Undergrad: 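Let me begin by handing over the structure; questions about it come next.
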Amino acid sequence: MTPETLSPDGLPDPLGLPPPAPPLQQVDLFALDQEGLAAQLKAWGEPAFRAKQLHKWIHERHAGRFSDMTDLPAALRRRLEAEARLGVLEVEAEQRSKDGTRKRLYRLPDGQLIESVLMPYADGRQTACISSQAGCAMACAFCATGQMGFARQLSAAEIAEQAWRFDQELKAEGQRLSNVVLMGMGEPFHNFDAVVAAIGRLNRDIGIGARHITVSTVGLVPQIYAFAELGLQVKLAVSLHSARDEERSALMPINRRWPIRELMAACRHYANRSGRRVSFEWALIAGKNDSVEEATRLGELLAHMRCHVNLIPLNPTGGYAEAPGSPEAAAAFVATLESMGVPATVRVRRGIDIDAGCGQLKSEVMRRQRAAAAAQAST
Ligand code: SAH
């Protein structure tokens with residue numbers, strides 16, 4: 001009996017027919033680096049220089065379709081169209097804000113949904129805010145993604161592709177992506193290796209320098225030290241939100257594992273190693289962390305450290321009842337910090353008309369899908 005006459009579970013096929021061919025899986029060429037492309041093309045019997053040609057089409061000439069790759073032989077283009085693809089992200093929903101912000105909800109091949117946002121600035125910068133995980137395990141009380149829980153890690157290619165897609169679109173408009181912040185869904189340092197690999201791809205394939213990339217973390221202390229060891233010039237942003245352990249633990253459960261004192265030591269180390277200011281994120285929550293006393297406590301905590309404080313008025317989310325701090329409270333908070341020598345700014349709220357807070361578009365789309373399903377069930 002030849003192997004072809006075995007059924008998929010290894011038992012003899014009663015009809016003696018070969019088992020059906022598995023569905024043709026398309027190879028994602030975006031997920032391959034130059035060596036990976038070379039290996040794939042070699043497997044297809046193509047000469048080595050074709051890998052370089054393809055790499056150039058994908059990463060330098062920004063071809064979105066194989067049919068645009070005009071110097072490839074027609075037979076190879078046909079094969080690519082049948083057996084390969086460029087990236088895996090499918091647009092599930094998109095919103096554009098009056099301020100130019102573009103917000104995407106992408107569907108991954110296994111059905112998971114992730115968000116990315118593109119924010120144009122008046123000085124010409126184009127910043128992509130991308131996700132590192134589907135969902136998040138950190139459970140910060142005020143965060144829409146934290147309220148959903150963790151689904152799975154993203155691969156390095158799935159992380160980098162979010163930035164690559166915006167860059168391609170901008171290039172078609174005569175612009176380019178200039179900055180990337182890992183401040184979308186997920187905790188980047190909980191997916192450390194894929195995030196580091198994705199940063200490498202942003203560097204090499206999209207041409208975004210480390211100094212134009214920011215990683216935002218809840219404060220996973222061992223990973224901050226490990227990241228410092230890589231010697232990159234990437235900017236570190238740390239979500240602090242309180243200068244008191246008790247309050248911070250209530251907002252961010254991770255603080256029970258890595259309290260403020262240990263986190264600060266890791267941040268100082270990163271600032272010294274990278275030579276870059278660490279950014280501290282502070283979501284202003286009315287009556288919780290927006291007082292002048294709280295600002296003074298924060299100023300004392302950050303004394304003599306090369307850093308910057310970013311205040312973000314709380315974006316209201318369904319699972320958290322508190323309200324944002326007022327503009328007056330924000331101004332007094334900034335003034336207090338500055339009087340203590342700590343630079344601080346209030347972050348301009350981008351795309352506030354389009355659910356552009358972390359995890360909010362996904363929550364909204366899922367709410368609408370549930371409502372539609374319920375309406376269907378009741379007819
Ligand atoms: N997990 C990473 C990155 C994702 S969130 C981190 O926590 O740093 C990016 C930033 O948005 C974080 O500072 C986070 O605390 C903040 N954030 C999340 N939900 C928010 C909300 N509802 N209002 C204001 N800021 C929020």
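Atoms within a ligand are numbered from 1 in the order they appear, just like the ligands themselves. For reference, positions follow the sequence shown, starting with 1. None of the values given here were measured: they were computed from a predicted structure.
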Undergrad: Who's closest to atom 1 (N) of ligand 1 heavy-atom-wise, of Cys143, Ser216, Gly186?
TA: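 Result: the heavy atom closest to atom 1 (N) of ligand 1 is in Gly186.
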Undergrad: State whether the shortest distance between N or O atoms of Leu182 and N or O atoms of ligand 1 falls below 3.5 angstrom.
TA: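 For ligand 1, there is no N or O atom that lies under 3.5 Å from one belonging to Leu182.
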Undergrad: Going through the distances and angles, do Asp71 and Gln53 end up as a side chain to side chain donor-acceptor pair (under 3.5 Å)?
TA: CA-CA 8 Å; Asp71 58 359; Gln53 261 180 313; 3.3 Å; yes
Undergrad: Applying the side-chain contact (heavy atoms from CB on, under 4.5 Å) test to Gln162, which of Leu182, Val180, Leu154, Val117 qualifies?
TA: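 Exactly one pass, corresponding to Leu154.
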Undergrad: Is any NZ, NE, NH1 or NH2 atom of the basic residue among Glu173 and Arg102 found under 4.0 Å from an Asp or Glu carboxylate oxygen of the other?
TA: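 Judged by the 4.0 Å cut-off on N to carboxylate O distance, Glu173 and Arg102 do form a salt bridge.
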Undergrad: As a check for students: among Glu322, Met183, His241, identify the option with a heavy atom nearest to atom 16 (C) of ligand 1.
TA: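 Closest candidate by heavy-atom distance is His241.
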Undergrad: Checking Asp167 side chain against Leu177 main chain: does a donor-acceptor pair fall under 3.5 Å?
TA: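 Answer holds: yes.
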Undergrad: Given Glu158, which partner from the list Gln112, Arg152, Gln133 fulfils the side chain to side chain donor-acceptor pair (under 3.5 Å) test?
TA: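 Between Glu158 and the candidates, side chain to side chain donor-acceptor pair (under 3.5 Å) is satisfied uniquely by Arg152.
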Undergrad: With a 4.0 Å heavy-atom cut-off (strictly under), which part of Thr217 contacts ligand 1: side chain, backbone, both or neither?
TA: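 It is the backbone that gets close, since no side chain atom is under 4.0 Å.
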Undergrad: Is it true that Glu94 and Arg96 make a salt bridge, defined as a side-chain N closer than 4.0 Å to a carboxylate O?
TA: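 Here Glu94 pairs with Arg96 in a salt bridge, since their nearest N and O are under 4.0 Å apart.
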Undergrad: Taking only heavy atoms of Glu281, which atoms of ligand 1 are found under 4.0 Å from at least one of them?
TA: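 Ligand 1 atoms under the 4.0 Å threshold to Glu281: 13 (O).
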Undergrad: Give the atoms of ligand 1, by number and element, whose distance to some non-hydrogen atom of Thr317 is under 4.0 Å.
TA: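 That gives atoms 22 (N) of ligand 1.
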Undergrad: Could you tell me which atoms of ligand 1, counted from 1 in the order shown, lie closer than 4.0 angstrom to a heavy atom of Asn315?
TA: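 Per the distance check, 21 (C), 22 (N), 23 (N), 24 (C).
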Undergrad: If we only consider heavy atoms of Gly184, is any one of them less than 4.0 Å away from an atom in ligand 1?
TA: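 Contact check Gly184 vs ligand 1: positive.
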Undergrad: For Phe66 and Trp57, I'd like to know if the aromatic rings sit close, meaning centre-to-centre distance below 6.0 Å.
TA: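 When the ring centroids of Phe66 and Trp57 are compared, they turn out to be at least 6.0 Å apart.
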Undergrad: Output the list of atoms in ligand 1 that are nearer than 4.0 Å to some heavy atom of Ala283, sorted by atom number.
TA: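 Counting atoms of ligand 1 from 1, those under 4.0 Å from Ala283 are 24 (C), 25 (N).
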